[in-house]
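Both counts, for ligands and for their atoms, begin at 1 and track the order of listing.
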Amino acid sequence: MIDLLALATLDAALAESARLLAAAGIDGARLEARLLAGHVLGIDADAVIGRPGRRLAPGEAEKLAVVVRRRIEREPIAYILREREFWSLPFGVNDAVLIPRPDSETLVAAALDWTSDRGAPLRILDLGTGSGCLLLSVLSELPNAHGVGVDISAHALRVARDNAGRLGLRARAGFVQGDWAGALTGEFDMILANPPYLAETELHALAPEIARFEPPVALFAGDDGLACYRALIPDLTRLLAEAGAAFLEIGAGQAAPVASLARNAGLIQSMARKDLAGIDRCLVLRRP
Ligand SMILES: C[S@@+](CC[C@H](N)C(=O)[O-])C[C@H]1O[C@@H](n2cnc3c(N)ncnc32)[C@H](O)[C@@H]1O
């Protein structure tokens with residue numbers, strides 16, 4: 001147990017937490033110390049500083065020591081805080097779901113740019129919904145759209161449903177358990193998918209936060225990282241409405257092989273959209 005109990009004030013506990021996090025190699029240790037202290041005290045991280053003389057109750061010091069220890073053991077801070085912002089919305093997360101990544105906002109931006117009428121009653125499908133971040137972000141911008149999120153993990157679906165409730169979108173978002181779109185029928189105007197796309201051989205190169213804590217079912221897709229695209233792309237042809245579009249997140253270097261899988265399934269690629277690092281991150285597919 002880290003001994004923060006001996007430190008009577010919040011300022012001293014913050015300084016010690018930041019020191020311990022930095023010594024463990026955590027980037028941004030001071031900010032993370034503030035976030036963790038804010039979490040424990042139930043106040044905003046910005047409100048943690050500038051309180052000279054604020055004393056810590058023993059229970060608060062103990063709780064802070066526990067969360068600092070978890071972070072030193074490389075648990076992602078989003079799991080400790082149980083929240084991550086995505087598309088400027090607060091998403092609840094736990095270790096059943098991938099922590100939403102800024103790169104995935106590329107899909108949301110591409111899907112919204114493609115939408116010519118934001119008031120249209122679009123039908124949206126999100127395959128591998130996880131926390132629901134893609135579907136719920138898009139629904140938050142399209143007031144008359146409805147959507148379905150599919151995931152193989154019942155635990156992830158619970159998180160997605162909670163997020164829909166928290167964001168006031170429960171009436172327009174349904175969630176079903178399934179193996180990609182195999183059991184789905186119907187037509188969708190917009191299909192979103194951020195499937196697992198890491199090769200299993202990449203495990204050793206991942207940061208401990210990812211390798212040890214995020215769910216493998218959300219990360220890995222066979223020996224070459226393409227197994228999930230192979231599984232789900234053939235169903236897109238059947239499920240896309242005539243004028244609809246599918247937005248697929250891809251990993252670095254996957255644009256060509258995934259576009260080839262799409263062509264083999266009878267789809268055409270209308271564009272690839274880059275993320276902020278300039279990497280092709282989203283393939284946009286249509287029916288011919
Ligand atoms: C990379 S995560 C994406 C989560 C979320 N959409 C996002 O962008 O943050 C992939 C998701 O696909 C789900 N998944 C994996 N295999 C699946 C399958 N066979 N059928 C449906 N969902 C699956 C995982 O449980 C996980 O939630």
Side-chain angles (χ1 to χ4, degrees), residues 76 78-79 82-112 124-140 147-164 167 169 173-184 188 190-200 202-203 206-207 209-211 213-222 225-236 239 246-252 254 258 261 273 275 281-283:
Y79 288 157
R82 298 195 293 272
E83 188 172 294
R84 172 53 51 94
E85 190 179 282
F86 180 85
W87 202 252
S88 300
L89 298 170
F91 283 88
V93 294
N94 63 28
D95 61 6
V97 298
L98 188 90
I99 298 164
R101 305 291 204 268
D103 286 344
S104 302
E105 293 183 344
T106 312
L107 262 75
V108 177
L112 293 174
I124 304 174
L125 173 63
D126 178 19
L127 296 172
T129 197
S131 62
C133 62
L134 297 178
L135 175 64
L136 297 171
S137 297
V138 169
L139 286 179
S140 76
V148 181
V150 177
D151 207 287
I152 201 160
S153 158
H155 296 297
L157 290 167
R158 212 165 293 137
V159 176
R161 279 191 198 102
D162 285 351
N163 281 325
L167 296 170
L169 294 167
F175 294 95
V176 294
Q177 193 169 14
D179 186 357
W180 300 125
L184 287 183
F188 297 89
M190 181 191 288
I191 302 181
L192 307 162
N194 175 16
Y197 53 70
L198 297 180
E200 266 141 27
E202 292 177 76
L203 173 63
L206 296 175
E209 281 85 347
I210 303 173
F213 291 93
E214 293 201 275
V217 69
L219 296 173
F220 299 109
L226 299 171
C228 296
Y229 300 112
R230 284 192 197 95
L232 72 85
I233 284 177
D235 281 318
L236 300 182
L239 294 168
F247 302 83
L248 251 58
E249 180 161 331
I250 52 171
Q254 290 180 328
V258 176
L261 290 169
R273 186 161 175 140
D275 63 20
R281 186 60 63 192
C282 171
L283 283 193

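- Phe188 contributes atom CZ, which lies 11.0 Å from atom CG of Leu236 (distance to the nearest 0.5 angstrom).
- Expressed to the nearest 0.5 Å, how far CG of Asn163 lies from CG of Leu167 amounts to 6.0 Å.
- Salt bridge status for Glu214 with Arg84: absent, with no side-chain N to carboxylate O gap under 4.0 Å.
- Between Phe91 and Phe86, the ring planes lie perpendicular to each other; the angle is over 60°, past the 30° to 60° tilted range.
- Once rounded to the nearest 0.5 Å, the distance linking CG of Leu98 with OG1 of Thr129 reads 11.5 Å.
- Sorted by chain and number, the residues within 4.0 Å of ligand 1 by heavy atom are Leu98, Gly128, Thr129, Gly130, Cys133, Leu134, Asp151, Ile152, Gly178, Asp179, Trp180, Asn194, Pro195, Pro196, Val217, Ala218.
- Rounding to the nearest 0.5 Å gives a distance of 4.5 Å between CZ of Arg281 and CG of Asp275.
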